[in-house]
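Residue numbers begin at 1 in each chain, while the letters A, B, ... track the order of the sequences.
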Amino acid sequence: MPLSAETLRDLHRRMLRIRLFEEEAGRLSEAGRIPGALHLYVGEEAVAAGVAAHLGPGDQVTSTHRGHGHLVAVGGDFRQMFAELFGRATGYCRGKGGSMHIADMDLGMLGANGIVGGGPPIAVGAAFSNKYRKTQNVTACFFGDGASNEGSFHEAANMAGLYRLPLIFVCENNGFGEFTRQDRHQAIRDIADRAAGYGFPGIVVDGMDAVAVYEAAGEAIARARRGEGPTLLECKTYRFFDHVGVRGMGVVYRSDDEVRAWRERDPITLLERRLAELGILDEAGAAAVREAIQAEVREAVAFAEASPFPDPAALTEDVYAS
Amino acid sequence: MPLSAETLRDLHRRMLRIRLFEEEAGRLSEAGRIPGALHLYVGEEAVAAGVAAHLGPGDQVTSTHRGHGHLVAVGGDFRQMFAELFGRATGYCRGKGGSMHIADMDLGMLGANGIVGGGPPIAVGAAFSNKYRKTQNVTACFFGDGASNEGSFHEAANMAGLYRLPLIFVCENNGFGEFTRQDRHQAIRDIADRAAGYGFPGIVVDGMDAVAVYEAAGEAIARARRGEGPTLLECKTYRFFDHVGVRGMGVVYRSDDEVRAWRERDPITLLERRLAELGILDEAGAAAVREAIQAEVREAVAFAEASPFPDPAALTEDVYAS
Amino acid sequence: MTAATAQRQLPTVMAINEALRQLMREDPNVFLAGEDVALYGSVFGFSRGLLDEFGPERVVDTPISEAALVGLGVGAAATGLRPIIDIMFMDFMGVAMDQLVNQAAKMRYMFGGKARLPLTIHTMAGAGLNLAAQHSQSLEAWFCHVPGLKVVMASGPYEAKGLLIAAVRDESPVIVINHKALLGLAGPVPEEMYEIPLGQAAVVRPGTNFTIIATGRMVHESLAAAEQLREHGIDAEVIDPRSLVPLDTETLVASLRKTHRALVVHEAVRFGGFGAEIAAQLQEAAFDHLDAPIGRVGAPFSPVPFSPALEAHYVPNADRIAGEVLRLLGRAA
Amino acid sequence: MTAATAQRQLPTVMAINEALRQLMREDPNVFLAGEDVALYGSVFGFSRGLLDEFGPERVVDTPISEAALVGLGVGAAATGLRPIIDIMFMDFMGVAMDQLVNQAAKMRYMFGGKARLPLTIHTMAGAGLNLAAQHSQSLEAWFCHVPGLKVVMASGPYEAKGLLIAAVRDESPVIVINHKALLGLAGPVPEEMYEIPLGQAAVVRPGTNFTIIATGRMVHESLAAAEQLREHGIDAEVIDPRSLVPLDTETLVASLRKTHRALVVHEAVRFGGFGAEIAAQLQEAAFDHLDAPIGRVGAPFSPVPFSPALEAHYVPNADRIAGEVLRLLGRAA
Ligand SMILES: Cc1ncc(C[n+]2csc(CCOP(=O)(O)OP(=O)(O)O)c2C)c(N)n1
Ligand SMILES: Cc1ncc(C[n+]2csc(CCOP(=O)(O)OP(=O)(O)O)c2C)c(N)n1
Ligand SMILES: [Mg+2]
Ligand SMILES: [Mg+2]
């Protein structure tokens, strides 16, 4: 069944929101205006968008160190996001988390995570909770190819399979764990193959094709909501920027040709081309969407920069709930 | 190629040594003469014996909490073993380790392990070392069905596959992790299926059939010595006694019928029948082997019980090497 | 504690069982998960019968996967449930430390106060049963050093029940530590639910001229030591902090102001143990009241040995405690 | 340190690099394994060039699997090699604690002295770079509490090289902790191989009337504090223990006997930190020499915050140290 124009536009908008948020964050980081480390999602937008388009109230997402993309995809607020990256009191985490711990509990975005493999066990807990509370909610657990080698992923996958939890494991296989290419961190090609070891299906999808991700994620999530258990969805993708920040440190671990080849399959360009072909969105239309988001970005950055830093008194607050 | 009489007799002897050692240890434990917890290997002898028969000087074994079987299989000394179980100064570990940490570094038996999943990462290190030192040695890593759900197993398997280490993962699938049946701890039937996720072969073998284990282990070990990397060998087996000690605490987690059915496939009886059929060992011959080992057991127990307890001064020795 | 209910004696294992049962009856969001806690009722027996009453949705056997097990608790707590996660032996925390320390403990802070984690981790510490180096440790010091976690240690059935109830009702992650050698110890336990407030020490034995601060099983050894010391004319006060984080420093300091001398006793390795924190705090808070340095008794600097002949020397006991008190008082033991 | 070589200045990152290079040249059994230590030369840059010189057999990139990574070291050390295992950030120890604490630390003891584990674990601690709660911790107290491990912390390039060489040549597991904010700090480093003996503290700044004991980056803040204190007529002695296990208590006590007052400073959370152990030992060993309680400066009881505005208040600095010294001396800061 072909996707509706509305769905396609929604996917496009989610992706573009991620892209423009990220590009701006990258610029600000390079300019030294955002402190700390920034792991950018640019290039991988189809994955977050294609999955998030199926999520709604009560669903959850566990994320990674590369978490802005996931938060934007589920509807994260640019103002609070930029404010958080800037370490301001108005940020999502009152400035305490920063890029690596950005979260929106109300949206079910249970946090970016500085620990590779930190998310999957938490996703198991959230999915267990959905089932326990007899909701129809699902949890989407994003993780990387590198993370697939952490013991925590294995334990979580086994548990999710055993309890048939409403959970989808979304592997963002961008071909690298930091600077180590996949063939130097595991002896397999398709991480989806690991699913068989946990008793649930594993599916490989083109992570640069938002429609393909959307469709595969839709099936997996529907399956989860029906109580049929988890799916491992491996999305082959690529990050356009460096592991941290935009430009690298000058150590060559992948070729310019390789980057160029992947950029030619830019997921946003691919989708825009498709939208144009289908007559859903022409160049002018796309430019208008872009401009609207761009304006939102500008406004959010201004808000963030005008926001106060947290008061030193906040330092020891929020350690315990009361 | 049919196994030689010598090999078959060797397998039988290894198994019987384990059985008689264990039965005596069980009796002593029930009688309160051995302190601490004892995890007995009875019923699973074909696995340790079938693998150990291929190991020689320079090879290593990493073991589990159920470690006596592995140590006996590679030639562990009954005297030092019993003395260790009794907590005596003459024991393998000077009384400091006990059943759960029994080890013989000279035999390459790198220790029983009280941590489920503690062994696989260490096995990776030993196998890495064999390769680094350009030996032809291999490491056999024993672990249980329950342990296959620990993250450490996953990480170790991935690393071993990646580096093509001379390592065989021997899964002793006795159907239970403690008191939890396999179908309640993982959603798969064959743990061997997990090997595909690490890029090496996984093989299922009847763990009650010493010859089958011997043959499958032989191929896997030869492969490892040839530098072709690891194999996961899953041996379907059963423990005849309780998880800890001999008799359980009265909580029913498996039926008497089930135990009886497995006992009918006692690996030693099966092998003795085969040996008799082949005319290699008749009843009298088997009895003689048994009696010789029994005498050795008796002598070792006497040695152990006559041995002194460690001096209190030993308490803080052996913490650091110098 | 009313006079009537105080009569009822329960062993610690049953006090835990009763607390779990009452907590689960009280709040449908409370569930128990762990290895062999359901069908088998835990290898220590404290969850026997719970599966029958509450069913497999709420009493959950898990695979041997401690990281995912703690994560199960983190994710469930963050989404509205009130999990009790059992880590069979405290020694196994090693495989779950990240989920505890980097996730559970920090989530609320990292998210600017927007997460709530009413998560209880229950575990069993301690030596004395010849279980050797990997099944006998007391690692509470690790957790006390991690902001975001609360840490309590029970010294008997009354404490086991009251601390567990307080922990589960708390809105933050709490580590509840029982001692495996105390499971059979019986004592008065009220039938009704009651809390031992986190952060409230108990003066277990009032005394006038020496303060002994002891945790877990060492409370009993310290009480025995206090009896020995009576013969030396020393009237020792024994205090059980019960909760290490938050720590009731006030009660400890008040006692010290009265007695002018104190000894901290725990079963954990002395070096780098939590006793150091107590000692460091006390000497700072009551420097001008001290007639002797704050003493510490703990395990020697070695792993826990298997042999009964060695373990007997490893675990601190009444004699060593009394001896140390006398030493601090400048008398030969 | 000869006068000639002392002239050469190296940043810490290059001092580590040189130590690794020399160690690997010296002994073919030494190898380095870790995440991105080979092709990329480590994310901190300390292993740049090693892959070229020693090849992929000896400079090994590993998957992101810290438990197996430490296990790789344990198994390799137990079978005759001398591994250097890099755990990128100390915060990641959480996923590898079991292999470190239950395996590496205890193996020799559990096996009655029959195992030998010349294993070095190298890692990076500390805050100050706005890396937030999971990339900024100082968790040395955990390891110091574990018999069987040795623990050293470098405060600069000279220490980084000398401690690493001593650690790798040691026959037991040693945790070598560098501070990420000190990697660029340059100082004199001899070209030849030299060891800083484990268990030997350094009096970094001799002084007469106050003892400051500081580790890692806090050594520099303490030196700055000592300068401030000069203006108050206080001549502070600053001591860097360098090795926490074994700890050179003698040097610390000797200083205290001279100055009668001491402050322990570390970047780790104050509560339950290693400073408590030092304070507890000092008040015991030198009770009669004390004119004031042993003070402690450390991080507050919270995770490390991201925002520069908060982190600046989180990490102890010269002002806070000097202020605490003045407080202990009974003067207003
Ligand atoms: C437990 C742990 N180990 C190592 C790191 C350092 N680290 C941060 S991101 C990363 C690479 C992760 O690779 P992958 O999962 O493929 O995600 P990607 O960065 O490619 O999106 C590593 C090793 C970490 N943060 N946590
Ligand atoms: C990390 C850890 N978790 C839990 C335990 C407790 N425990 C000891 S043996 C065991 C069952 C292991 O099952 P399996 O691996 O199948 O081995 P088997 O006992 O069946 O031989 C468990 C859970 C432990 N020792 N270590
Ligand atoms: Mg990746
Ligand atoms: Mg089993």
Discussion item. Under 4.5 Å from any heavy atom of chain C, what part of D:F301 do you find: side chain, backbone, both or neither?
Written reply: both
Worksheet item: Are C:Q134 and C:D91 linked by a side-chain donor-acceptor pair shorter than 3.5 Å?
Response: no
Practice prompt. Examine distances only and state if a side-chain atom of C:R270 and a backbone atom of C:R296 form a donor-acceptor pair shorter than 3.5 Å.
Written response: yes
Item to complete: Assert yes or no for the condition that the ring centre distance of D:H260 to D:F210 is strictly below 6.0 Å.
Response: no
Fill in: Validation row, ring centre D:F92 to ring centre D:H135 under 6.0 Å
yes
Practice prompt. State whether a side-chain donor-acceptor pair under 3.5 Å links D:H179 with D:E267.
Written response: yes
Worksheet item: With a 4.5 angstrom heavy-atom cut-off, which part of D:L244 approaches chain C: side chain, backbone, both or neither?
Response: backbone
Discussion item. Please classify the contact between D:A133 and chain C as side chain, backbone, both or neither, with a heavy-atom cut-off of under 4.5 Å.
Written reply: both
Fill in: Interchain contact, D:A280 with chain C, by part (heavy-atom threshold 4.5 Å)
both
Discussion item. I'd like to verify something: which residue of C:P147, C:G94, C:G272 has the highest number of heavy-atom pairs under 4.5 Å with chain D?
Written reply: C:P147
Fill in: Side chain / backbone / both / neither for C:V101 at chain D, heavy atoms under 4.5 Å
side chain
Discussion item. Checking side-chain polar atoms at under 3.5 Å, does D:T249 have a donor or acceptor matched by the opposite partner on D:Q281?
Written reply: yes
Discussion item. Which atoms of C:V304 are under 4.5 Å from chain D, going by heavy atoms: the side chain, the backbone, both sets, or neither?
Written reply: backbone
Response to the item:
The interface call for C:S138 against chain D, heavy-atom contacts under 4.5 Å, is backbone
Worksheet item: Does any heavy atom of chain D fall under 4.5 Å from the side chain of C:F271, the backbone, both, or neither of them?
Response: both
Discussion item. Using heavy-atom distances under 4.5 Å, tell me whether C:A276 contacts chain D through its side chain, its backbone, both, or neither.
Written reply: both
